Visitor: 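So that we are looking at the same thing, I have put the structure below in structure tokens.
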Protein chains: 2
Amino acid sequence: MVRGKVEMKRIENSTSRQVTFSKRRNCLTKKAYELSVLCDAEVAFIIFSHKGTLFEFASSNMQKIIKRYREHARETTMVNNSTELEHNVENLKYETANMVKKIEILEVSKRKLMGQGLGSCSMDELQDIDSRLERSLKIIRARKTQLFKDEIERLKAKERLLLQQNASLREKCGLRPMLLQPAPAPAPVPAPPQTPPAQVKERENCSRSTESVEVETELVIGLPQMRCS
Amino acid sequence: MVRGKVEMKRIENSTSRQVTFSKRRNCLTKKAYELSVLCDAEVAFIIFSHKGTLFEFASSNMQKIIKRYREHARETTMVNNSTELEHNVENLKYETANMVKKIEILEVSKRKLMGQGLGSCSMDELQDIDSRLERSLKIIRARKTQLFKDEIERLKAKERLLLQQNASLREKCGLRPMLLQPAPAPAPVPAPPQTPPAQVKERENCSRSTESVEVETELVIGLPQMRCS
DNA sequence: GCCTATTCATAATT
DNA sequence: AATTATGAATAGGC
């Protein structure tokens, strides 16, 4: 350049490096400005000094130019970050909104099943909920019955086992086998009282046998039809 | 600059503008590069031509420099965009996860109320659902009764009104007032059959009077305790 | 910061 | 795209 061309490498003298940085930076800014004005272009630059100080220039608005840059870059390389994030946000917002709706529907539907928020229900709807609850109760009582029966079965099996053990033990000890009392005849489980008051403590069993619990109970009212369902 | 200084304003001649753009752009790039080498600085610029073509230069990596720029800008002005977006994403993800949990809980709880998915229920839990359903049925039937009674009341009021109108019309026509048949004594609503089969079409009324529908029915099991509840 | 010698950038022209 | 004339940029000294 002047008085002996400057080698194109880092200036080692710290002072002269700083001076050169300052001068050239100003010139660069000026040139960038001129380019933007003369040629009607959008120009922005970012400079970090060796020490980390930020210098910037933008013919209009830095954020706007960077955004435009990213959009441009995305079109070309699709290795964009910010717009991908934005996209992500959009997706999440969409899913969030859907889930909010879903929750509302579920809550309303549950509240109705719990006998709350019935003010807006027509008689038909009440009727529908009524029979749903009825069916639910039936299923639940069948299940309870099943559990009871299972337990009884288990106990009986255990009883038989113990009696057998007992018998063989007696035999080993040379004792006369005790007269096996016949197992009590399987007492029919008492039929459940109809619509028993809620305060009842002792619960009744459905005497009808283990009808398959797989009753058709698909929900029709209130189930959201959303994509995330 | 040369041969008659150039006015600092947009070059109107399109061709010469483009030429100048190209030349100056190259020089700017060269200068930027020199600055980055000589002064050990990080330099990047973005140029959009008048027509929208992108030209860029970065002494290292453009994304990295922009990121560094944004971090720097955030520290100073807190008018950051990308990080705010990221923050947003975090929040949304958090809320989404919470809602997913909430939906799961609601669905399980609803399914149980509908008598489905009972396999994992203990007897205690079945008992609990049973009494909940019982209470729900009670509330719903009370509500149905209320609706029936309201309707009956409405009909009776209408009847009275019509009878009155009838009487006054007869009077106007000079006719002898018809002997008003006494309104039929309010027939007690028939008591509801107990646990009617689900197929029953005609629905019964709870004969117990309009007991407040505001029964305490708060949900304890299954209600999510989340912040977005 | 300012000065100055030199090199560079570049508008106009070909 | 190459040339050229000239103003601009700038390294180094103060």
Side-chain angles (χ1 to χ4, degrees), chain A residues 1-62 64-66 68-69 72-73 76, chain B residues 1-62 64-66 68-69 72-73 76:
Chain A
M1 298 163 181
V2 176
R3 304 195 180 167
K5 243 181 181 174
V6 170
E7 248 191 306
M8 195 39 66
K9 66 171 205 180
R10 183 187 134 105
I11 298 167
E12 290 307 332
N13 181 306
S14 166
T15 313
S16 106
R17 188 173 63 235
Q18 264 190 278
V19 172
T20 298
F21 178 68
S22 173
K23 285 180 177 177
R24 278 176 173 265
R25 185 164 44 76
N26 283 330
C27 291
L28 196 69
T29 308
K30 188 182 167 198
K31 291 278 175 202
Y33 166 73
E34 288 176 357
L35 183 65
S36 75
V37 171
L38 291 174
C39 306
D40 198 15
E42 212 161 27
V43 181
F45 70 65
I46 297 167
I47 300 173
F48 282 104
S49 77
H50 177 58
K51 286 183 171 176
T53 321
L54 167 67
F55 301 88
E56 59 179 304
F57 166 82
S59 63
S60 55
N61 174 282
M62 179 62 88
K64 183 185 140 206
I65 294 174
I66 289 179
R68 189 177 173 189
Y69 168 78
H72 200 106
T76 346
Chain B
M1 297 159 182
V2 175
R3 304 191 184 173
K5 245 181 179 171
V6 170
E7 245 193 309
M8 196 38 66
K9 65 171 204 180
R10 182 187 135 104
I11 298 167
E12 290 306 330
N13 179 308
S14 167
T15 313
S16 96
R17 188 174 63 236
Q18 264 190 278
V19 172
T20 298
F21 179 69
S22 172
K23 285 181 178 176
R24 278 176 172 264
R25 186 164 44 75
N26 283 330
C27 291
L28 196 69
T29 309
K30 187 182 168 196
K31 291 276 176 203
Y33 167 71
E34 289 177 355
L35 183 65
S36 74
V37 171
L38 292 173
C39 306
D40 197 17
E42 212 161 26
V43 181
F45 69 66
I46 297 166
I47 301 173
F48 284 106
S49 77
H50 177 58
K51 286 183 171 176
T53 322
L54 168 67
F55 301 89
E56 59 179 304
F57 165 82
S59 64
S60 55
N61 174 283
M62 180 63 88
K64 182 185 141 207
I65 294 174
I66 289 178
R68 188 176 174 189
Y69 169 78
H72 200 106
T76 347

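Note on naming: letters A, B, ... go to the chains in the order of the sequence lines (proteins, then strands), and numbering restarts at 1 for each one. This structure is a prediction, so every number in the text was calculated from the model and none was measured.
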Visitor: Identify which nucleotide among C:dA9, C:dC2, D:dT3 has an atom closest to any side-chain atom of B:C27, counting heavy atoms from C-beta outward.
Guide: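 Nearest nucleotide to the side chain: C:dA9.
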Visitor: Within the structure provided, determine whether B:T29 and B:F45 are in side-chain contact (heavy-atom separation under 4.5 Å).
Guide: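 The answer is yes; the side chains approach within 4.5 Å.
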Visitor: Would A:F21 and A:H50 count as a close aromatic pair, with their ring centres under 6.0 Å?
Guide: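 When the ring centroids of A:F21 and A:H50 are compared, they turn out to be at least 6.0 Å apart.
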Visitor: Atom CD of B:E34 to atom P of C:dA9: distance rounded to whole Å?
Guide: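 Taking atom P of C:dA9 as the reference, CD of B:E34 is at 6 Å.
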Visitor: Mind calculating the distance between CG (A:N26) and P (C:dG1) to the nearest angstrom?
Guide: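 A:N26 atom CG is separated from C:dG1 atom P by 11 Å.
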Visitor: Would you say A:M8 and B:L38 make side-chain contact, with heavy atoms under 4.5 Å?
Guide: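 A:M8 vs B:L38: side chains touch.
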Visitor: Closest to the A:K23 side chain: D:dA9, C:dA11, D:dA11?
Guide: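 Shortest atom-to-atom distance from the side chain points to D:dA11.
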Visitor: Nearest to the side chain of A:R24, heavy atoms from C-beta on, is which of C:dA11, D:dA11, C:dA9?
Guide: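 Closest nucleotide among those given: D:dA11.
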Visitor: Look at all strands and tell whether A:T20 reaches a base, only sugar-phosphate, or nothing, counting heavy atoms closer than 4.0 Å.
Guide: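 Touches sugar-phosphate only.
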Visitor: C:dA12 C1' sits how many Å from B:E7 CD, rounded?
Guide: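 Checked: the CD to C1' distance equals 16 Å.
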Visitor: Starting at CG of B:L35 and ending at P of C:dC8, how long is that distance when rounded to a whole Å?
Guide: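 Computing the B:L35:CG to C:dC8:P distance gives 17 Å.
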Visitor: A:Q18 CD to D:dA11 C1': how many Å, rounded?
Guide: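 Going from A:Q18 (CD) to D:dA11 (C1'), I get 16 Å.
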Visitor: Quick one: which of B:T20, B:N26, B:L28 gives a side-chain contact (heavy atoms from CB on, under 4.5 Å) with B:R24?
Guide: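 Between B:R24 and the candidates, side-chain contact (heavy atoms from CB on, under 4.5 Å) is satisfied uniquely by B:T20.
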Visitor: Look at the side-chain N and O atoms of A:K31 and state whether any lies under 4.0 Å from the OP1 or OP2 oxygen of C:dT10.
Guide: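 Result: yes.
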Visitor: Taking atom C1' of D:dG12 as reference, at what distance in whole Å does atom CG of B:L38 sit?
Guide: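 Spelled out: CG on B:L38 to C1' on D:dG12 is 14 Å.
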Visitor: How many Å lie between CG on B:N13 and C1' on C:dT10, as a whole number?
Guide: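 That distance rounds to 16 Å.
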Visitor: If I take atom CZ in residue B:R17 and atom P in nucleotide C:dA12, what distance separates them, rounded to the nearest angstrom?
Guide: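 Taking atom P of C:dA12 as the reference, CZ of B:R17 is at 14 Å.
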